[in-house]
Structure formats: structure tokens, C-alpha cells
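Comments concern the structure below.
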2 protein chains.
Amino acid sequence: MYRDEHLQIDMSGQVEFDTRRLTLTRKEFELLAMLARNAGEIVPRDILLSTVWGYCEGTRTRTLDVHVRRLRRKLGGLGDTYIQTVFGVGYRFERYRAPRPLLTYSMPAFAATA
Amino acid sequence: MYRDEHLQIDMSGQVEFDTRRLTLTRKEFELLAMLARNAGEIVPRDILLSTVWGYCEGTRTRTLDVHVRRLRRKLGGLGDTYIQTVFGVGYRFERYRAPRPLLTYSMPAFAATA
DNA sequence: GCGAAGTTGTAAAGATTTTGTAAAAGCAGG
DNA sequence: CCTGCTTTTACAAAATCTTTACAACTTCGC
């Protein structure tokens with residue numbers, strides 16, 4: 001369903017992060033799957049709440065946010081990178097892109113002994 | 001059908017664990033076989049119940065769990081290792097992997113007599 | 001065919017995990 | 001600076017799993 005160099009999400013419910021299998025609860029997985037399915041797109045909170053929780057439009061709850069918190073924590077240092085907040089709208093799953101390598105010159109060997 | 005350094009499962013119904021022949025009942029074997037056939041994958045309870053028991057989707061029963069319990073007990077100390085619970089979803093058969101040996105120096109023979 | 005032994009399903013009690021949410025604090029935006 | 005949204009944490013409720021015991025059913029041996 002989704003794959004990049006850090007994260008792999010299967011339809012079956014298995015999620016692998018940096019070659020470690022993540023233990024996600026059912027709701028956590030459903031949320032992650034929903035976001036990953038719409039990777040790169042902003043998914044409004046109402047859509048997330050109705051799809052994952054079956055809540056009516058306009059329901060005011062912090063349930064979603066707490067689950068986002070729990071997911072981010074399980075995604076370690078990249079939690080905030082993968083799941084981004086769009087203020088007042090919802091969340092967006094951002095595909096991981098390795099930073100473009102900077103152009104560098106090779107340091108002289110003696111300088112490297114520091 | 002499946003083999004690792006501890007467990008061996010034959011199509012014929014024979015199961016060997018640490019060189020001892022396990023005596024599994026018919027249902028126990030069918031369950032183990034189904035799990036082992038999908039080793040590494042999460043198998044939802046509904047799939048297990050319909051495949052092994054012929055139950056309808058959505059049937060609420062603890063039959064499966066009790067059989068898992070019986071199986072785990074027959075697998076001795078590795079029962080929990082081989083058959084893992086995926087909360088709210090089902091079970092997963094995990095292949096046994098020996099822990100990667102740590103790099104060590106060889107102990108002198110005299111020290112090993114302790 | 002019958003009794004014994006084994007297998008299987010399930011109830012029920014207890015344990016464990018998941019989930020929802022309150023509340024306080026932090027932060028974004030106007 | 002204020003309002004409203006997000007984050008965080010803790011806790012209780014809900015859901016699920018585990019365990020054990022027992023009854024019913026099936027199989028086996030005589």
C-alpha cells in the first residue's frame with residue numbers, strides 16, 4: 001500500500017519501520033492507512049473522523065489528535081515528518097524524501113584526526 | 001510444509017518439536033497448519049474461524065482462542081514465540097529465528113570447565 | 001454395543017490492551 | 001493580546017484475550 005526507504009505499510013495490517021515491525025493497534029493502523037492512501041494530500045479532520053471512527057460531520061473531539069500523537073510516537077523521530085498538521089484543516093501524510101546531498105570537498109586526512 | 005531448527009510440520013499431520021513427536025488433535029493441527037502456511041503474515045480471526053471451523057463471518061466465539069491456548073501449551077516455552085496475538089485482528093505464526101550470536105572471543109578450555 | 005478415553009466448544013472470571021476523552025498547557029493566526 | 005486550535009498526559013471505560021473447568025460429542029478398545 002505504501003513504501004519508502006523507511007516505512008512500509010501492507011494491506012494486511014503489517015507496518016515495518018526501518019526493518020523493525022511496528023505494533024500498531026487497529027485504530028492506529030486504520031488512521032495511518034487512511035493518511036498513507038492519500039499521501040501528499042491534506043485529509044480534513046472530518047473525513048478522518050467519519051471514515052475511521054464513523055463520527056458525524058462537525059463532531060468536536062480530540063480523539064483523532066490523540067491517535068495522531070500515538071502514531072507519531074511509534075514512528076520515532078520521523079513521526080512529525082510523516083504526519084504533518086495542517087492548522088484548522090486536518091493532517092497530511094508526507095512521503096519521506098532523502099535530503100539532497102550537499103556538494104562537499106574531501107577533507108584532508110590530517111584534519112580528520114580531530 | 002514448515003521447518004526450522006525447533007519445529008517441523010508435515011502435510012501428513014506429523015509435527016515434530018525439538019526432535020519429539022507432538023501429539024496434536026485434528027483441530028489443533030489444522031489450526032497450526034493454517035498459521036504456518038501463512039507464516040509471517042497476520043491471519044484474521046474470521047479467516048481462521050471460517051477456514052478451520054467453517055464458521056460464518058462475524059461469529060463471536062472463544063473457540064479459536066482456546067485452541068490457540070492448547071497449541072501454545074504443546075509448543076512448550078516457545079508457544080508464545082511461534083503464535084503471536086495481534087490484538088483485535090487475529091494471530092500470526094512467527095518463524096523461529098535464532099538470536100544473532102554476539103561476537104565473542106573463544107574462552108580458554110580450562111575456563112570452560114566451570 | 002458399551003464404557004472409557006479423548007476431543008471439542010463454550011461459559012465465565014480475570015487479565016490485558018485499546019480507546020475515548022477531560023483538562024491543562026502550548027501554539028497559530030488574526 | 002486574544003481566540004481558537006493542537007498537543008500532551010493521565011485515567012477510566014470498553015473491548016479483547018487468556019485461562020480454566022466442565023459438559024457434550026466423538027472415537028477407540030474390548
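By convention in this document, chain letters (A, B, ...) are assigned in the order of the sequence lines, proteins followed by strands, and residues within each chain are numbered from 1. Since this is a predicted model, take the numbers as computed values, not measurements.
Counting any heavy atom pair closer than 4.0 Å across all strands shown, A:Phe29 reaches no nucleic acid atom.
Where DNA chain D meets chain A (any atom under 4.0 Å from a heavy atom), the bounding nucleotides read 5' to 3' are D:dG4 to D:dA10.
Partners of B:Arg72 under the salt bridge (charged side-chain N to carboxylate O under 4.0 Å, His left out) rule, at least two apart in sequence or in another chain, are B:Asp80. Remark: A:Thr59 pairs with no residue by the side chain to side chain donor-acceptor pair (under 3.5 Å) rule, at least two apart or across chains. Listed by chain and residue number, B:Gln8, B:Ser12, B:Gln14 satisfy the side-chain contact (heavy atoms from CB on, under 4.5 Å) test with B:Asp10 (two or more places apart in sequence, or in another chain). Evaluation of the salt bridge (charged side-chain N to carboxylate O under 4.0 Å, His left out) rule for A:Arg45 yields A:Asp65 as partners, not counting sequence neighbours. Legend: residues meeting side chain to side chain donor-acceptor pair (under 3.5 Å) with B:Tyr55, ordered by chain and number and at least two apart, are absent. Evaluation of the side-chain contact (heavy atoms from CB on, under 4.5 Å) rule for A:Arg92 yields A:Ile42, A:Gln84, A:Val86, A:Glu94 as partners, not counting sequence neighbours. Residues passing the ring-ring contact (aromatic ring centres under 6.0 Å, His included) test with B:Tyr82, sequence neighbours excluded: B:Phe93. B:Phe87 pairs by the side-chain contact (heavy atoms from CB on, under 4.5 Å) definition with nothing, not counting sequence neighbours.
Between B:Leu64 and B:Leu31, some side-chain heavy-atom pair lies under the 4.5 Å cut-off.
Whole-Å rounding puts the B:Leu49 CG to C:dT10 C1' distance at 13 Å. Put simply, CG on A:Leu31 is 13 Å from C1' on C:dT19, counting in whole angstrom units. Straight-line distance from the CZ atom of A:Arg60 to the C1' atom of C:dG20: 17 Å, rounded to whole Å. Atom CG of B:Leu32 is separated from atom P of C:dT8 by 14 Å (rounded to the nearest Å).
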Report each atom pair, protein N/O against N/O of nucleotides 13-18 of chain C, whose distance is under 3.5 angstrom.
none

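The stretch residues 5-42 of chain B participates, sequence neighbours left out, in these ring pair (Phe, Tyr, Trp, His ring centres under 6.0 Å) pairs: B:His6-B:Tyr96.
A heavy atom closer than 4.0 Å to some atom of DNA chain C occurs in A:Thr63, A:Val66, A:His67, A:Arg70, these being the qualifying members of residues 63-72 of chain A.
Nearest approach of A:Leu48 to A:Met34, heavy atoms of both residues: CD2-CG, 3.5 Å.
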